[in-house]
**Student:** 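The structure under discussion is supplied below as structure tokens; questions concerning it will follow.
What you are looking at is a predicted structure, and each value in this text was computed from that prediction instead of being measured. These numbers come from the heavy atoms of this one structure, side chains and all, not from hydrogens, waters or symmetry mates. Quick note on labels: first sequence line is chain A, next is B, and so on, each numbered from 1.
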Amino acid sequence: MAQIFHPSMRVISRASILAFLLVVGFIGWVCWDLYRSGYFTDVNVPKEQPIPFSHEHHVNGLGISCGYCHTSVEKAAFAGIPPTHTCMTCHSQIWTGAAMLEPVRASYRTQRPLEWVRVHDLPDFAYFNHSIHVNKGMACQVCHGNVNAMPLMRRTSPLQMAWCLDCHRAPEKYIRPVEEIYNFDYVPPKDQLAFGKELVKKYNVQVKQLTDCSVCHR
Amino acid sequence: MAEHKHTTLVEQPEPLVSPKETYGSITDKIAGDVLSTKTPKAMMITLAITSALLLVFVLAVGAVLLFGPGVWGNNNPVGWAFEITNFVWWVGIGHAGTLISAILLLLHQHWRNAINRFAEAMTLFAVMCAGLFPALHTGRQWLDYWLLPYPNTMGMWVNFRSPLIWDVFAVTTYLTVSFMFWFVGLIPDLAAMRDRAKKHWQKVIYGILAMGWRGSAHHWHRYEMSYLLLAGLATPLVVSVHSVVSFDFAVSLIPGWHATIFPPYFVAGAIYSGFAMVITLMIPARRWYKLESFITDRHLDYMAKVMLATGLIVFYGYLTELFFAYYSGSMYERFMMYNRIFGPYWWSYWLLIFCNGVTPQVLWFKKVRTNVALLFVISLIVNVGMWLERFVIVVTSLHRDFLPSSWDMFRPTIWDWSLYLGTIGFFVWLIYVFVRVMPMISIFEIKHLLPWRGRKIDTSADAA
Amino acid sequence: MIEKNVDIQTVRRTLAGKGGKEYWRSLNELAETEEFKEYLRQEFPREAGTWGEEFSRRDFLKVMGASLSLAGLTACVKQPDEKIVPYVKAPEYMVPGKPLQYATAFVMGGYAHGVLVTSHLGRPTHIQGNADHPASLGATDVFATASLLHLYDPDRSQAVVHNGVMSSWEKFVQSAKPLIEAQRALKGAGLRILTQNITSPTLHWQLQSLLAAFPDARWHQYEPFNADNVRDGMRMLFGEDVMPRYRFDRADVVLSLDADVFGLGPGNVRYARDFATKRRVSGKDASMNRLYAAESTPTITGGMADHRFRMKASDVEVFARALAARLGVPGVAAEHLPVDETVIVALAKDLQSHRGAGVLVVGAHQPPVVHALAHAMNVLLGNAGTTVEYTDPVEQQPVHHLRSLQALADDMARGAVDVLLILGGNPVYDAPADLRFGELLAKVRFSVHLSLYDDETSERCTWHIPESHYLETWSDARAFDGTATIMQPLILPLYATKSAHELLDELFGEARSSEVIVKSFWKTRSAASDFESWWRRSLHDGVVPATHLSPKSVAMKNVSWTFTPVVSGGMEILFRPDPSIFDGRFANNGWLQELPKHVTRITWDNVALLSPATMENLNVRNGDMVTVTYNGATVKLPAWALPGQPDNVVTLHVGYGRTRAGRVGTGIGANAYTLRTSATLWRGEGATIEKTGEWYRVASTQEHWSMEGRPIVREATLDEYRVNPDFAKHMAHRPTEKESFYPPFVYDGYAWGMTIDLNACTGCNACMIACQSENNIPVVGKKQVERGREMHWIRVDRYYVGNDLDNPEMAVMPVACHHCENAPCEPVCPVAATTHDHEGLNVMTYNRCVGTRYCSNNCPYKVRRYNYLQYSDTETKSLQLMHNPDVTVRNRGVMEKCTYCVQRISAARIEAKKEDRLIRDGEIVTACEAACPVQAITFGDINDKNSRVAKLKAEPRSYDLLAEVNTKPRTSYLAKLRNPNPELAAVQPLSRSEHHG
Amino acid sequence: MNFFTKRPDIYGLMAEFDAPEKLLAGAERAKRAGYREMDAFTPFPMEELTDALGIRHTKLSLFVLCCGLTGMLVGFFFQYWVAVIDYPLNIGGRPLNSWPQWIPVTFELTILFSAFGAVVGMIFRNGLPRPVHPVFNVDRFELATKDRFFLCIEAIDPLFDKEKTRKFLESLKPDHITVVEHVHTKDPYHQGED
């Protein structure tokens, strides 16, 4: 009887088993990472907008507060995207000739709204309500990041359910006094957890309810 | 062992292997059938039919993936119908292999050696068919992987309270263990195939699969231990799998489902249907491949006896259900039984009693048990009966439950039938592939049954 | 009322630029236009993402891919970018994401039903009742709620049509003007206007000024189901044109003479509410009203009755005569009796002992003399002025509809009509068959049909003008009690449509907009010093102050009674409006087509209703196709056995057999109008029924009628209740906490629960449609209903009680998810898609559901609904605008069910939390609760012992359905009571309650 | 064989028998003769050889037990962690730790882990896969899976001596005796006669 296989098969046969396990593990790792990567979550990926609107300039440079444009953030589920009219309150006075702002003026002229690309876009079956969050001391910064330092708007949070749960399970990690929700320079106290727990109690946040399915899905 | 008194096989009513067979002839016959390019003509004809069914299967799967479970006849009270009936039926069939391999091994039933390979392969394919149904019956089949507990960005896990999750674990465990059992059993035979193969590519393929098996005594020692352990593990597993499948029903509160008798009753039914299917497949295979030397009439006799025994247990189960319904004092339970017997699906109940309860009674007679043609017909009847049993449990329980306002009828559509018949095509097709590429009888285990000086083969314990 | 969006104009221009007949019949083409897509994107930004062009139509991958992209972030497909489109200039009152409600009125048969319409970003999404409106008191009937669907119906007429060819409004006006001018010279001798029943003060005002300018012109009104008989009866009895109005809240004994007062007709919602106030039984010595019904075809009113007497419609007159004779109405003698004499005696006694607290009501289809008899009895019994009020007619110009239409038909036949304006209605379809209205139209040179749909009448007219939906335009109308409502639009017309006001004003006036016309009319009427604030107030409240009609005192004439001769033998045929699609005007409304009809629970079809005995005589079974021949015409439709139907009576519901209703309503059922002539508008004798040998599958949502002796609807008589108030609790064994294997979960916050009072529920289906509208529940179509896959989250079960198959009693039971604390559905879900929240809701997370259907199997109430196929219409763009954005639209393969309107709970919880307070009792009103005319449904926090729901649950009548399986449901029922007359015990058995262990 | 010890020139000597009892007798004699590093190759398992060759009893069952226990603990506590600690949900009013409902999965995982242990343990301890092995150089070795029975005394056995051992094997009256070469000595695809 002759050997069927080349002697190298001694190693190859065993290595292939190991390799198979490694490949399976690798694929698992790639999937794990891919779903959490910027490719999938769009974290830190600025989107092309009709106008390269700079939050940095308007917030840090001009000191405009979030609520000036996002008017319904304390009142409604939707924070509100400012109508062209809001832009024109200033831009009918300043930078009136800037080419960059032509779409704004065109919108105002033609009554055709501007079409922004949604940056923070939850799936349609997740019902997020801005008003309850900001009214209970969850600052803009916590989810949206340092918008005041963003020349172009981008996500800083993956907006995945596990990410939501992180805070819904322990809001004390992020909660702050309601007066500070628009403050990008807020520094949490050293004993944030203890302080946070106090605030949670003060604002009557029912933490155990926050992981109920019906809180976000209807 | 050596001091055992020498006994001849002549004392046995009929030897388990024809006395004219030798180690060499066994090997040449079984391996030769695989390596030969000739296929029996009858097999080619049935293969054509099977292939047509396979096409139907592809269409039926495509339809349900494309349009959803709405292509079937399921409706609001009857959320499960053919698909779960088929699932349970196939899982049940998938019980014979492991039972034969494991339980009969532990019980020193040597006659199992001739049929275990085939039955194990049948088990694998039946479980594959079975697994398709739960996977296809969900509305969003592309999300079936949500039934697996894996870390995800939703932070969600599965609900371990659900019998469907138990099913996932039980069926995948069963499939994995059955596959390992089958594969481990195949290793020495794959080596034999490697050594018999004429063509280099055949040698390579069988060689890779045999993993370099060389029949070393050291290896055999561990091998036998491992095989025994697997048998020991598979035995409770096989019992648990159909128990878990029965939990799908028993855990619910629907009259006709909510019954503590279900686990044993389901396991017995599974063995019953499994043996029926083994007989259904073995009889033509034995004939076409002329395997009468290995699968003797005595084998058929034993299988028929197992069928009779399990058939009686199942029949007892039917009687118990009647008694439970009466004794529960619950109007819902009583109505359920009444509805089974006299309701709009009365025919399925009576047919089931005929197929599963009445027909097997003829197996009390040895003449029937050894009449190949008759046995084949009986096995087919039992197969149908066991399908009806699941249909009765699934559909007639659901279609009239608590609130009469919701009562409705289930009417199967062409897609219900297509998928069912399609899986039969898929199943038989896989069996054919198996028969053509793998030894359908375990070569080394048959050899194990040949006596040699210094070892007797005591098959006196082989009584079903 | 809404921000003017320029893109509507673009869409409209595109529409106007297109020609050809197919175009506006198929919405596909419209959907393909870039402009329309663009428009929708802007109106409805959240939906934009799913309309990506990357998938080609009918492609396998597309189906998979589309589903995957909806499946969410964790699936292997990246979420596509979405656009977010702000306003150019935001309306001040509108906060995006917060719905607004506006008051307006839904009009049917001329009568207004005050509604509040919910608007999300300018899209009306839900209609509920206006609590300030007398016909509504906050509730609705099915038609009012379902009228929303017409607004978005893709089959709605969208363009002007001239002789079957697409045209334009401008061309229409051009060709109409010279003809009108020519008529002006003839004083309008050849000008005719046909309307439906008109109560609109503005339209009446417009028509009056028109008739002043064209004195020889004529205005005709026709409704296929009108109040001619009532009006004639009143004239017969009182000699003047008055109309009765009932006060069931004052009545202890009610006799219905074939009247479906709670089911159909003006004031039905209000009447049911008033009636129910006398059925809210609480405490040991509670009292309750008693309802007798002498009825032909069973209705929900008959179903509510404590005594229902089954008789032919013609025998109702005989019955009324016997009773009148017994009560001493002058000049009336009994002839023969359709019922046991004890009935008449007991009934007369009961009515007499409740002088001023009894009431007799008569169905509009009964001949005038029955109305006269009944009201003569009402006057004699002192009921007039207390339980019955007589008022001037609500209509500005009441007419005898049949005679009005006949006059028009005569003129048309004579060739005297040159110009005919048909404002609404569908006379070609629903006029009496002998008038041959469709053929007569050919003799009219210039006929115009203004209607919501391009229907049978539009086809026969030279011009068809698409009509604005009532939510798109200004108008006004009066309720059954005269109260006027100014109807305001919630959205600009979706298509180039006109209202009747605009059409008339264009042709005969100054071409003003509806708003200007309506406002200028009310300027002439309002006595207020500050018209603008009066106007705003009227709009806001949805009622115009001081328009209610006051009761009049009337005097009975000396009537010389002429009774209808009794024709014996032969098959009686009855024509009745369909309980779901009425006279056919709702034929293209999928919600209503799929709504199980009162009593029969049939959907999508009309059938020949026969009594079981008659079925047996004819040797037909349910679904056997029969031909019904009458007046020389024949219809073919399936026979259907209806217990409670009198023998030898066939009832046909009209409204089916439409040939030009739209994709939903065309070609289903049989057109019973073809058998209905002027002489036999309501009923006739001598119909022949023949078996054809064919069989037809009727889609009924309930196939089993009996409770099988199970304690489902639990009921007792009032007397039994007084002895044993908690009888219902003893009808089944309810396991105690100790019997449970597991310790109970503790709910220490809110604990939502519901009660349904079976003693009040009439089975009117209002809850079903309200739920469908609120929760984006799809229509599945007849084939799917046949298969048993209807999607209604709340259903109304109908059972027959008693062992008399021919005349059983009826019990109805609304069933929705019970939100069981020990929910059997939850532990079996493999992916935890259905779970409990801390407030005790059984919540369904659609996006987690993979669709195993196990939960549904394990639900003893069978209230879960499964999307067997892709039922939600994701292709038709206009229907997407209708969706409630607060409720996820479910796709194929997903289980769904009643959520207790979790979106409303969430909204209330968030508001309460922001204000740092608890949710108040009654702050959350579920859609079904809001719609319920009889307030049978109460929702609230059962942990709050002072809440309405907690108090009702403490009532002895309260019981849990299937409590014996220990589901601990949060929804409970209040047992039904009947109040039979002990003197009728011999005729009808009394005892209701069976006692179980 | 230790890495540092010098490898013998050949793998060993192989005797071929045509009946199981002859192999058994031979093995017993070889053991009595003091040989330890030897192996037998048979077409079916011969339990008798375990003693005849002095094969050490395998500890596979203990390993499988450990695997099973691991599976059980992992199964149970994973379910506990999911339902009680990581995402507690009120499911149909059942307690968070509704352990009776976790028995099936715990059981299945116990079996699954054990079965893996039994198979992987056997394969691993047997040194499989081993597609290339010196014994395959033996000319008639393919009959070891058919009807021949081989006894191989390996060169690493301290008593092994090419000539003496061959003599000893001849005394067993085998059909053939073959020298088993190492795999590397020759081109495996062009092996000459031995």
**Student:** So which part of B:W257 gets closer than 4.5 Å to some heavy atom of chain C, the side chain, the backbone, both or neither?
**Tutor:**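 Only the side chain of B:W257 comes within 4.5 Å of chain C.
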
**Student:** With no hydrogens and no angle check, just 3.5 Å: does a side-chain donor-acceptor pair link B:S162 and C:Y854?
**Tutor:**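 No, because no side-chain N or O of B:S162 sits under 3.5 Å from a partner of the opposite role on C:Y854.
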
**Student:** Non-hydrogen atoms of chain B under 4.5 Å away: do they reach the side chain of C:C859, the backbone, both or neither?
**Tutor:**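 When you check distances to chain B, only backbone atoms of C:C859 fall under 4.5 Å.
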
**Student:** So what's closer than 4.5 Å to chain C heavy atoms on B:V64: side chain, backbone, both or neither?
**Tutor:**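 It is the backbone, since no side chain atom gets that close.
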
**Student:** With a 4.5 Å heavy-atom cut-off, do C:E708 and B:R400 have their side chains touching?
**Tutor:**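 Result no, sub-4.5 Å side-chain heavy-atom pair not found.
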
**Student:** What are the two closest heavy atoms between C:R710 and B:D401, and how far apart are they?
**Tutor:** NH1-O, 2.6 Å

**Student:** Are any side-chain N or O atoms of C:R789 and backbone N or O atoms of B:N74, one a donor and one an acceptor, separated by less than 3.5 Å?
**Tutor:**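 At least one qualifying donor-acceptor pair exists.
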
**Student:** Can you spot which of B:V251, B:L253, B:L398 makes a side chain to side chain contact (heavy atoms under 4.5 Å, CB included) with C:N858?
**Tutor:**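 One option only clears the test, and that one is B:L253.
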
**Student:** Taking side chain as everything from C-beta outward and backbone as N, CA, C, O, which of these in C:T852 sits under 4.5 Å from a heavy atom of chain B? Side chain, backbone, both or neither.
**Tutor:** both

**Student:** Any donor-acceptor pair under 3.5 Å linking the side chain of B:R140 with the backbone of C:G851?
**Tutor:**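 Here the side-chain-to-backbone pair does not exist.
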
**Student:** Is there any residue in residues 240-250 of chain B with a non-hydrogen atom under 4.5 Å from a non-hydrogen atom of chain C, and which ones are they?
**Tutor:** B:F247, B:D248, B:F249

**Student:** Over all heavy atoms of both residues, which pair between C:R787 and B:R411 is shortest? Give the atoms and the distance, please.
**Tutor:** NH1-O, 2.9 Å

**Student:** Is any side-chain heavy atom of B:S405 closer than 4.5 Å to a side-chain heavy atom of C:R795?
**Tutor:** yes

**Student:** Using side-chain heavy atoms (C-beta onward) and a distance below 4.5 Å, is C:P830 in contact with B:V158?
**Tutor:**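 Heavy-atom side-chain distance check fails, nothing below 4.5 Å.
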
**Student:** Highest number of heavy-atom pairs under 4.5 Å with chain C: which of B:Y332, B:W166, B:W72, B:F410?
**Tutor:**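 Result: the option with the highest number of such pairs is B:Y332.
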
**Student:** Looking at every heavy atom in both C:L869 and B:F67, which two are closest together, and how far apart are they?
**Tutor:**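 So the minimum-distance heavy-atom pair works out to CD2-O, 3.1 Å.
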
**Student:** Let me know if B:V168 has heavy atoms under 4.5 Å from chain C in its side chain, its backbone, both or neither.
**Tutor:**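 For B:V168, neither part sits under 4.5 Å from chain C.
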
**Student:** Counting heavy-atom pairs under 4.5 Å with chain C, which one of B:S406, B:P404, B:G68 comes out on top?
**Tutor:**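 That would be B:P404.
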
**Student:** Compute whether any side-chain donor of one residue and acceptor of the other, for C:R853 and B:T138, lie under 3.5 angstrom apart.
**Tutor:** no

